[in-house]
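One structure is given below, encoded as structure tokens.
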Amino acid sequence: YTMHELFSDEKADFIYELTDSVPRQSLDKRVTVVMRRCMDVYLHALLCASVRSKLPSFFGKEKALKEQLAQLGDTMASLAERNKVSANDFGSHEEYEKFFSKVK
């Protein structure tokens, strides 16, 4: 190889990376972000459905909700085990306590 040929090959490789490789990596990152958001929504829905199913229909909802919030860690652990995900994938307890206090 001469310096000119080496530079031309390097230039071609660089242009290939800029036009093909980088957009593919960006697409992979976007897909990963979307998949992570889908998983977050799925876990949120599981937790909300679990807590809601344990609440009474009419009377005593507030008391039952307080009991469920006290047992939130156990609920998250059982859902994580049942659905084969990490318990750390759920949000923090404080976030869910704020959320459930707003929803009622």
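Atoms considered below: every heavy atom in the structure, side chains included; atoms not considered: hydrogens, waters and symmetry mates.
- By the side-chain contact (heavy atoms from CB on, under 4.5 Å) test, Asp20 is found to be paired with Tyr16, Arg24, residues two or more places apart in sequence or in another chain being considered.
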Please tabulate, one pair per line, all N/O donor-acceptor pairs under 3.5 Å involving side-chain atoms of residues 40-58, not counting sequence neighbours.
residue	atom	partner	partner atom	Å
Asp40	OD1	Arg36	NE	3.3
Asp40	OD1	Arg36	NH2	2.6
Tyr42	OH	Asn83	OD1	3.4
His44	ND1	Tyr96	OH	3.4
Ser53	OG	Ala49	O	3.3
Ser53	OG	Ser50	O	2.8

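- Listed here is the closest heavy atom pair of Met76 and Gly91: CE-O, 3.6 Å.
- Interatomic distance, Leu72 CG to Phe100 CZ, rounded to the nearest 0.5 Å: 6.5 Å.
- Within the model, atoms CZ of Phe99 and CD of Glu94 stand 16.0 Å from one another, a figure rounded to the nearest 0.5 Å.
- The CG atom of Leu69 sits 4.5 Å away from atom CG of Leu65, with the distance rounded to the nearest 0.5 Å.
- In this structure, CD in Glu95 is found 11.0 Å from NE2 in His93, a value given to the nearest 0.5 Å.
- Every residue two or more places apart in sequence or in another chain that forms a side-chain contact (heavy atoms from CB on, under 4.5 Å) with Ser26 is listed here: Arg30.
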